[in-house]
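Here is the naming used below: chain letters follow the sequence lines, and residue numbers restart at 1 for every chain. These numbers come from a predicted model, not from an experiment.
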Amino acid sequence: MLDTKFLRENLEAAEKRLALRGGSISLSEFKTIEEERRKLIAEVEALKAKRNTESLEIARLKKENKDVSKILTEMQQISSQIKELDDKVKGEEEALEKILLNLPNIPHSSVPAGKTSEDNVEVRKVGDIPEFAFKPREHSETGEMLGILDFERAGKLSGARFAIYKGFGALLERALINFMLDIHTRENRYTELLPPFMVTRACMTGTGQLPKFEEDLFKIDGWDHFLIPTAEVPVTNMHRDEILKEDELPIYYTAYTPCFRKEAGSYGKDVKGLIRQHQFNKVELVKFSKPETSYDELEGLTRDAEKILQRLGLPYRVVVLCTGDMGFASAKTYDIEVWLPGQGKYREISSCSNFEDFQARRANIKYKPKDGGKPRFVHTLNGSGLAVGRTVVAILENYQQEDGSVVIPEALRPYMRGLEKIQKSNMKG
RNA sequence: GGAGAGGUGGCCGAGUGGUCGAAGGCAGCUGCCUGCUAAGCAGUUGUAGGGGUAAAACUCUACCGAGGGUUCGAAUCCCUCCCUCUCCGCCA
């Protein structure tokens with residue numbers, strides 16, 4: 001959510017910056033409603049002030065046993081006027097809130113202008129793309145060949161876009177979760193959380209999934225809870241309606257959770273394999289920071305996520321998303337894209353964003369400056385560290401051998417009972 | 001799911017219709033004082049919104065779990081909801 005005062009005072013500039021995201025965003029309705037709102041507030045508060053002083057007067061007169069009936073009828077009138085105006089104010093405020101909740105964040109000045117993912121800018125490329133003497137297979141083929149992934153039977157259980165991991169496949173997923181969490185907690189000083197996988201509407205609004213993107217979420221029938229589409233939601237909302245101490249910042253959290261997404265509007269995209277599932281595992285990184293340091297924190301967070309790929313020896317690149325490709329709540333986003341030989345292209349495996357105070361304002365997360373100043377909104381950041389299913393994809397594709405077996409990256413072996421290779425003969429796990 | 005108790009400021013805790021933003025205590029801050037430590041004395045300390053200002057000062061309004069209602073006036077009365085605790089039942 002954007003700051004009302006800021007918008008009011010920088011209307012045209014804000015409009016221009018928002019337009020960079022594409023589509024046309026007009027703030028004229030905002031302006032009208034906001035002006036009306038302030039007018040009404042001034043009116044009703046003057047009446048309330050009068051009511052307060054007159055009420056004291058009534059109390060005083062009553063004590064002296066004087067007649068108050070005249071002033072009483074006058075007050076009745078004022079009281080009903082107040083009620084009427086209060087309703088109007090409420091109406092304007094609701095309308096304003098609706099507008100504000102549906103406005104995306106303003107892109108940071110360092111974000112390249114652009115319309116689609118074509119306009120994203122590569123920041124760096126790390127690792128060597130492996131060369132194969134044979135035609136590399138896609139992970140789904142390898143997975144099914146080895147008997148570690150079963151999409152067909154998963155369909156029997158839950159339909160399309162679900163998977164069953166089996167044997168060393170299941171172990172691989174579990175190993176990656178532990179591997180990632182260990183690095184983030186031990187080396188990168190994040191605190192591990194294991195949050196609820198269902199949250200309330202208020203949480204979803206706090207991080208920006210609602211009210212705009214309800215169709216992407218799984219809702220629990222008969223209950224006002226949703227399955228989380230990312231750990232960002234519960235973890236960021238953990239400090240909702242809190243005022244943190246300056247000394248506590250920055251706060252680093254990491255959390256493993258499954259993620260649930262309807263993937264509405266992605267029909268026909270990535271139908272095969274693990275790339276796009278309704279349920280997938282992710283290790284998330286979340287930071288709460290002071291405004292002054294949040295962009296340094298974004299760089300750090302991205303590096304922390306990259307570290308996982310480096311340790312696993314997976315080639316990747318980092319791109320900065322252009323204004324048109326960024327998510328609703330983000331002010332700046334780096335995507336980390338891993339190389340997938342089976343597809344012959346880079347695919348997103350992590351998305352690291354600084355939301356500045358956009359989520360903090362929605363979720364009301366502040367910190368109290370040490371010098372005793374007014375509480376200020378914190379900046380929130382998060383990024384995948386990493387999407388686990390897609391990491392499995394990357395390993396199956398980058399480490400595949402001609403005979404269909406897959407070498408386990410060395411760093412992961414301690415988490416896989418020292419296993420060096422997954423092959424048909426040892427698929428029982 | 002059944003029965004009961006309760007939700008007040010950073011914390012503890014008074015307050016059952018009228019100067020209550022809220023007594024008292026603790027903690028914090030600022031002075032004074034005492035040779036250090038401790039104690040003592042005085043003052044001060046919430047959030048949001050409107051107006052005002054270059055920014056302050058200042059001023060008004062709202063906020064005692066949330067939302068409605070009664071009333072000239074509500075922390076205090078009424079209704080609905082949420083949460084916490086205790087006991088019983090059920091359960092991984």
Are any protein N/O atoms closer than 3.5 Å to N/O atoms in nucleotides 76-84 of chain B? If there are, list each pair with its distance.
none

Could I get a table of every N or O pair under 3.5 Å where one atom is in the protein and the other is in nucleotides 44-49 of chain B?
residue, atom, partner, partner atom, Å
B:A48, OP1, A:K366, NZ, 2.5
B:G49, O3', A:R37, NH2, 3.2
B:G49, N2, A:E45, OE1, 3.0
B:G49, N2, A:E45, OE2, 3.4

Taking only N/O atoms, report every protein-nucleotides 56-58 of chain B pair under 3.5 Å with atom names and distance.
none

Can you check nucleotides 64-68 of chain B for protein contacts, nitrogen or oxygen pairs under 3.5 Å, and list what you find?
residue, atom, partner, partner atom, Å
B:G68, OP1, A:K90, NZ, 2.8

Return the polar atom pairs (N/O with N/O) between nucleotides 90-92 of chain B and the protein under 3.5 Å, or none.
none

task: Return one dot-bracket line describing RNA chain B 5' to 3' (Watson-Crick or G-U wobble pairs, both distances under 3.5 Å; ( ) same strand, [ ] crossing, | another strand, . none).
output: ((((((((.[[[..)..(.....]]]((((((.......))))))((((((......)))))).[[[[[..)....]]]]])))))))....
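Of the N and O atoms on the side chains of A:T185 and A:E192, not one donor lies less than 3.5 Å from an acceptor on the other residue. Counted by atom type alone, A:D182 and A:Y415 present one or more donor-acceptor pairs between their side chains at under 3.5 Å. A donor and an acceptor atom, one from each side chain of A:E284 and A:Y190, are nowhere located under 3.5 Å apart.
In this structure, A:D119 does not pair ionically with A:K115, as no charged nitrogen and carboxylate oxygen lie closer than 4.0 Å. Here A:E35 does not pair with A:R8 in a salt bridge; the nearest charged N to carboxylate O distance is not below 4.0 Å. One finds a salt bridge joining A:R311 and A:E187 here, because a Lys/Arg side-chain nitrogen approaches an Asp/Glu carboxylate oxygen to under 4.0 Å. A salt bridge does not link A:K290 to A:E292: none of the charged nitrogens lies less than 4.0 Å from a carboxylate oxygen. Ion pair A:E34/A:K5 not flagged as a salt bridge, since none of the NZ, NE, NH1 or NH2 atoms sits closer than 4.0 Å to an Asp/Glu carboxylate oxygen. Ion pairing between A:E242 and A:K368 fails under the 4.0 Å rule for side-chain N and carboxylate O.
Phosphate proximity of B:G51 to A:R38: present, with a side-chain N or O under 4.0 Å from OP1 or OP2. Dashed line: the shortest gap from a side-chain N or O of A:K48 to OP1 or OP2 of B:C63 is not under 4.0 Å. Dashed line: the shortest gap from a side-chain N or O of A:N52 to OP1 or OP2 of B:C60 is not under 4.0 Å. Residue A:S79 has no polar side-chain atom (N or O) positioned under 4.0 Å from OP1 or OP2 of B:U71.
A:P195 and A:P234 get closest at one heavy-atom pair: CB-CB, 3.7 Å.
For A:A49, counting side-chain heavy atoms from C-beta on, the closest listed nucleotide (B:U19, B:G50, B:U61) is B:U61.
Cation-pi check for A:R189 over A:Y252 is met; the charged atom lies under 6.0 angstrom from the ring centroid and within 45 degrees of its normal.
Aromatic ring centres of A:Y253 and A:H239 lie closer together than 6.0 Å.
Partner of A:N120 under the side-chain hydrogen bond (donor to acceptor under 3.5 Å, both in side chains) criterion, out of A:D335, A:D325, A:T333: A:D325 alone.
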